Amino acid sequence: MHALRVTRAEDFPEWYQAVVREADLAELSPTRGCMIIKPWGMGLWERIQGELDRRIKESGHENYYFPLLIPLSFFAKEAEHVEGFAKEMAVVTHHRLKSIDGALKPDPEAELAEPLVIRPTSETIIGDAFARWIKSYRDLPLKLNQWANIMRWEMRTRMFLRTAEFLWQEGHTAHADEKDAMDETMLALEIYRSVAEDFLAMPVIAGEKPENERFPGAERTYSIEAMMQDGKALQAGTSHYLGTHFAEAQNIRYQNKDGGMSLAHTTSWGVSTRLIGGVIMTHGDDDGLRTPPAVAPRQIVIVPMLRGKPEDAQILEYCTGLCAALGAASAFGAPVRAFVDTKDARPADKRWDWVRRGAPIICEIGPRDAASGQVTFIKRNALREGEKIKSHTLSRADFIVQSTGLLEATQKQLYDEAKARLDSNIRGDFATFADIEKYYGTNDEGGEFRGWARVQWSRPTGAALEEVGTRLKALKLTIRNAPKAQPSTFGKCIFSGAPAVEEILIARAY
RNA sequence: CGGGGUGUAGCUCAGCCUGGUAGAGCAUUAGCUUUGGGAGCUAAGGGUCGCGAGUUCGAAUCCCGCCGCCCCGACCA
């Protein structure tokens with residue numbers, strides 16, 4: 001008897017929806033495609049924010065805030081950029097409502113002279129500021145970041161993975177030359193890799209996107225790709241070297257040391273609330289989410305087993321004291337986040353609420369524990385032994401001393417588990433495209449697990465690349481990226497038989 | 001936007017084919033019992049049956065239109 005009605009094996013998409021709901025992460029809002037993020041989900045995002053914000057600042061960036069609304073004309077400047085986003089922009093056209101025939105409508109007389117676009121990303125409005133702020137090589141590099149909400153009018157939305165409105169961080173920088181900008185692009189990618197792996201316990205493969213998967217307006221796009229438990233890839237973060245495309249379009253120039261004018265080289269990079277979807281599909285199980293301790297808003301939850309009897313007061317006092325003592329311990333370089341759940345609800349129900357949310361350690365303190373100075377607890381990442389819930393007992397003193405180790409070991413176990421799944425499900429033994437077709441092309445109604453393929457190719461461009469894309473699309477596959485770690489010698493291109501120049505990852509993707 | 005599914009109580013769903021005053025389980029509330037772990041019994045509260053228009057004496061049920069959600073596709077740094 002699992003805590004969720006649906007198991008991953010039965011129906012992975014349904015299971016995902018169930019975790020989002022049952023772990024109380026978020027729910028759909030009355031606004032189409034937008035979600036209400038609830039405290040446990042928002043707590044995850046706040047932890048991600050805190051960690052990323054620290055690293056972004058440590059690497060020399062400063063936070064700014066640019067407007068939500070961007071003049072429509074700004075998008076007309078970079079041709080590829082507008083083409084990429086035109087189909088999913090929400091546009092503000094009026095500034096006043098009026099009651100017309102009893103219905104509240106935009107006042108026809110209050111139409112804006114120039115429509116405003118709700119930002120789908122901020123390259124254009126930040127580029128405009130760059131053009132004004134950057135005059136001399138002494139102004140470079142200019143490295144900024146902003147935390148913001150974004151709107152993209154998506155055809156099909158999924159909680160956390162693709163919503164019309166989402167929260168993200170977007171870094172934007174300008175540099176004197178390509179080398180400096182490329183160093184920045186790779187620095188951002190490395191921060192994302194590290195946060196995903198070290199903080200979210202979500203192993204990823206960092207690499208460069210092929211030409212046809214680039215950000216509109218980018219010269220080069222890099223991504224980190226994570227493997228979900230259904231074998232699909234999730235693009236969990238991106239970093240773009242924009243070359244001088246936006247500098248040309250928006251006139252971002254500076255006077256160089258020789259007195260001449262040069263175009264700035266810009267970058268942009270971002271991660272979003274989509275990471276939470278990645279955490280769910282990396283660490284979730286049939287009892288709900290398993291939240292990695294480093295990111296868990298509450299790491300140790302204490303459930304007092306109250307029964308409406310005189311000794312309740314004693315149990316509560318014991319729990320409060322335990323909570324305070326745990327708060328004085330530390331894990332991951334910060335005080336342990338412990339919490340006593342005093343909600344007026346049945347203890348067993350509270351236990352299962354925290355199991356579904358995935359609190360890493362859940363203590364259940366009864367009168368006997370309180371009286372004898374013990375702690376009875378369950379470990380969420382290894383909840384069951386067979387079908388049964390596995391419970392542990394330590395003395396209070398031992399539990400407090402070991403809490404750091406328990407949390408850090410849980411983090412490592414979650415990472416190791418996910419890393420083993422990633423490593424063992426990337427196949428590198430496809431000799432021909434026919435082998436790929438045979439593996440991915442068979443009937444997949446049963447939802448059989450298929451991981452990723454690592455193959456070599458000749459990195460075609462233009463029409464030849466499009467043809468590769470079409471062949472892959474027939475199998476519902478896409479090229480994810482060319483991993484940073486490349487072999488020293490190459491064989492033949494799996495698509496054309498020509499000499500290969502690069503190894504790439506192919507997978508189904510979210 | 002195209003194809004399929006679906007929408008009935010907070011949740012999961014039955015009822016619809018064959019029209020006749022709205023159901024179950026869980027949850028909620030109250031009482032009693034129970035108490036090392038998702039308790040039992042009894043009782044109660046809770047629904048414009050997604051929205052709108054139609055057929056009919058009568059519509060959750062039949063017809064038409066619209067909307068939301070889920071899946072697949074298209075699309076999607």
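Since the model is a prediction, treat every value here as computed from it, not as a measurement. Quick note on labels: first sequence line is chain A, next is B, and so on, each numbered from 1.
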(request) Determine the Euclidean distance between corresponding P atoms of B:rU42 and B:rG4; express it in Å to zero decimal places. (result) 47 Å
(message) Over 60° means perpendicular and under 30° means parallel, so tell me whether A:Phe75 and A:His81 are parallel, tilted or perpendicular.
(response) parallel
(message) Strictly distance-based, threshold 3.5 Å: is any side-chain N or O of A:Arg8 a donor or acceptor partner for the main-chain N or O of A:Trp15?
(response) no
(message) Quick check on side-chain hydrogen bond (donor to acceptor under 3.5 Å, both in side chains): which of A:Arg214, A:His175, A:His265, A:Glu208 does A:Tyr241 satisfy it with?
(response) A:His265
(message) In terms of relative ring orientation, are A:Phe377 and A:His392 parallel, tilted or perpendicular, with 30° and 60° separating the classes?
(response) parallel
(message) Taking the P atom in each of B:rU48 and B:rC57, what is the distance between them to the nearest angstrom?
(response) 28 Å
(request) Could you tell me which residues satisfy side-chain hydrogen bond (donor to acceptor under 3.5 Å, both in side chains) with A:Ser73, sequence neighbours excluded, listed by chain and number? (result) A:Glu114
(message) What is the separation between atom CG on A:Asp11 and atom P on B:rC69, rounded to the nearest whole Å?
(response) 18 Å
(message) What's the closest nucleotide to the side chain of A:Glu364 if the choices are B:rG38, B:rG73, B:rG37?
(response) B:rG37
(message) Taking the minimum atom-to-atom distance to the side chain of A:Glu154, which one of B:rC76, B:rA77, B:rG38 wins?
(response) B:rC76
(request) Would you kindly compare A:Pro13 and A:Arg274 by the position of their nearest RNA chain B nucleotide and give the one closer to the 5′ end? (result) A:Pro13
(request) Using Watson-Crick or G-U wobble geometry with both distances below 3.5 Å, tell me the partner of B:rG19, or none. (result) none
(message) Taking only the C1' atom of each, what is the distance from B:rC62 to B:rG20 in whole angstrom?
(response) 14 Å
(request) Mark yes or no for whether A:Thr7, through its side chain, and A:Glu10, through its backbone, hold a donor-acceptor pair below 3.5 Å. (result) yes
(request) Would you check if the side chain of A:Arg356 reaches a backbone N or O of A:Gly288 as a donor-acceptor pair within less than 3.5 Å? (result) no
(message) On the six-membered ring of A:Phe66, is A:Arg119 placed so that its NZ or CZ lies under 6.0 angstrom from the centre and within 45° of the ring axis?
(response) no
(request) Among the candidates B:rA77, B:rG38, B:rC75, find the nucleotide nearest to the side-chain atoms of A:Met155. (result) B:rC75
(request) Tell me what A:Asp369 touches on the nucleic acid: a base, only sugar-phosphate, or nothing, going by heavy atoms under 4.0 Å. (result) base
(message) Would you measure the distance from the C1' atom in B:rU8 across to the matching atom in B:rA22 and give it in whole Å?
(response) 9 Å
(request) For A:His2, answer base if it contacts any base atom (sugar-phosphate contacts may also be present), sugar-phosphate if it contacts only those atoms, and nothing otherwise; contact means non-hydrogen atoms under 4.0 Å. (result) base
(message) Using atom C1' in both nucleotides, what's the gap between B:rC70 and B:rG50 to the nearest angstrom?
(response) 15 Å
(message) What is the distance, to the nearest angstrom, from the CZ atom on A:Phe12 to the C1' atom on B:rC70?
(response) 16 Å
(request) For B:rC51, give its Watson-Crick or G-U wobble partner with both distances under 3.5 Å, or none. (result) B:rG65
(request) Identify the nucleotide, in any strand shown, that forms a Watson-Crick or G-U wobble pair with B:rC11, with both distances under 3.5 Å; if there is none, say none. (result) B:rG25
(message) What is the distance, to the nearest angstrom, from the CG atom on A:Leu28 to the C1' atom on B:rC67?
(response) 15 Å
(message) Looking only at the side chain of A:Gln17 (C-beta and beyond, no hydrogens), which of the listed nucleotides B:rG38, B:rC70, B:rG37 gets closest?
(response) B:rC70
(message) Tell me whether the ring of A:Phe215 lies stacked over the B:rA77 base, given a 5.5 Å limit on centroids and a 30° limit on the plane angle.
(response) no
(request) With heavy atoms under 4.0 Å as the rule, sort A:Gly270 into base, sugar-phosphate or nothing. (result) nothing
(message) Run the side-chain hydrogen bond (donor to acceptor under 3.5 Å, both in side chains) test against A:Ser59 and tell me which residues pass, sequence neighbours left out.
(response) A:His61
(request) Rounded to the nearest 0.5 Å, what's the gap from CZ on A:Phe12 to NZ on A:Lys232? Could you check? (result) 9.0 Å
Taking only nitrogen or oxygen atoms into account, show me every contact under 3.5 Å that the protein makes with nucleotides 30-35 of chain B, one pair per line with its distance.
| from | atom 1 | to | atom 2 | distance (Å) |
| --- | --- | --- | --- | --- |
| B:rU35 | O2' | A:Arg307 | NE | 2.7 |
| B:rU35 | O2 | A:Arg307 | NE | 3.4 |

(request) Can you sort out the partners of A:Ala507 under side-chain contact (heavy atoms from CB on, under 4.5 Å), two or more places apart, ordered by chain and number? (result) A:Ala233, A:Trp452, A:Arg480
(request) Kindly write out the residues that satisfy salt bridge (charged side-chain N to carboxylate O under 4.0 Å, His left out) with A:Glu466, not counting sequence neighbours, or none if the list is empty. (result) none
(request) Side chain of A:Arg32 only, please: which of B:rC69, B:rG38, B:rA77 is the nearest? (result) B:rC69
(message) Nearest whole Å is fine: how far is B:rA77 C1' from A:His81 NE2?
(response) 10 Å
(message) Under 3.5 Å for both donor-acceptor distances, Watson-Crick or wobble: does B:rG73 have a partner, and if so which one?
(response) B:rC1
(request) Enter the distance from A:Glu170:CD to A:Trp269:CH2 here, rounded to the nearest 0.5 Å. (result) 10.0 Å
(message) Over all strands shown, is A:Pro347 touching base, sugar-phosphate only, or nothing at heavy-atom distances under 4.0 angstrom?
(response) nothing
(request) Tell me whether the OP1 or OP2 atom of B:rC76 has a side-chain N or O from A:Lys87 closer than 4.0 Å. (result) yes
(request) Please tell me which of the listed nucleotides, B:rC70, B:rG73, B:rA77, lies nearest to the side chain of A:Trp168? (result) B:rA77
Donor-acceptor contacts, no H, no angles, side chain residues 301-314 of chain A, under 3.5 Å, sequence neighbours left out:
| from | atom 1 | to | atom 2 | distance (Å) |
| --- | --- | --- | --- | --- |
| A:Asp312 | OD1 | A:Arg307 | N | 3.1 |
| A:Asp312 | OD2 | A:Arg307 | N | 3.3 |
| A:Asp312 | OD2 | A:Gly308 | N | 2.7 |
| A:Asp312 | OD2 | A:Lys309 | N | 3.3 |

(message) Within the 4.0 Å heavy-atom criterion, would you say A:Ala218 contacts the bases, only the backbone, or no part of the nucleic acid?
(response) nothing
(request) Consider the side chain of A:Arg158, meaning its heavy atoms from C-beta on, and name the nucleotide among B:rA77, B:rC75, B:rC71 that approaches it most closely. (result) B:rC71
(request) Name the nucleic acid region contacted by A:Arg162, choosing base, sugar-phosphate or nothing; use a 4.0 angstrom heavy-atom cut-off, strictly under. (result) base
(request) Could you check how far CG of A:Asp24 sits from C1' of B:rC11, rounded to whole Å? (result) 13 Å
(message) Near RNA chain B, counting only heavy atoms under 4.0 Å, which residues of residues 384-400 of chain A show up?
(response) none
(request) Return the set of residues passing side-chain hydrogen bond (donor to acceptor under 3.5 Å, both in side chains) with A:Trp354 (not counting sequence neighbours), or none when no residue passes. (result) A:Asp341
(request) Rounded off to whole Å, could you give me the CD-to-P distance for the A:Glu14 and B:rU6 pair? (result) 13 Å
(request) Under the side-chain hydrogen bond (donor to acceptor under 3.5 Å, both in side chains) rule, collect the residues that match up with A:Glu22, sequence neighbours excluded. (result) none
(request) Go through residues 189-196 of chain A and report each residue with a non-hydrogen atom lying under 4.0 Å from RNA chain B, sorted by number. (result) none
(request) Apply salt bridge (charged side-chain N to carboxylate O under 4.0 Å, His left out) to A:Arg396 and list each qualifying residue two or more places apart in sequence or on a separate chain. (result) none
(request) Specify the separation, in whole Å, of atom CZ of A:Arg152 and atom C1' of B:rC75. (result) 14 Å
Each nucleotide N or O in nucleotides 23-27 of chain B that has a protein N or O under 3.5 Å away: list the pair and distance.
none

(request) Calculate the interatomic distance between A:Met159 atom CE and B:rC71 atom P; express it in whole Å. (result) 11 Å
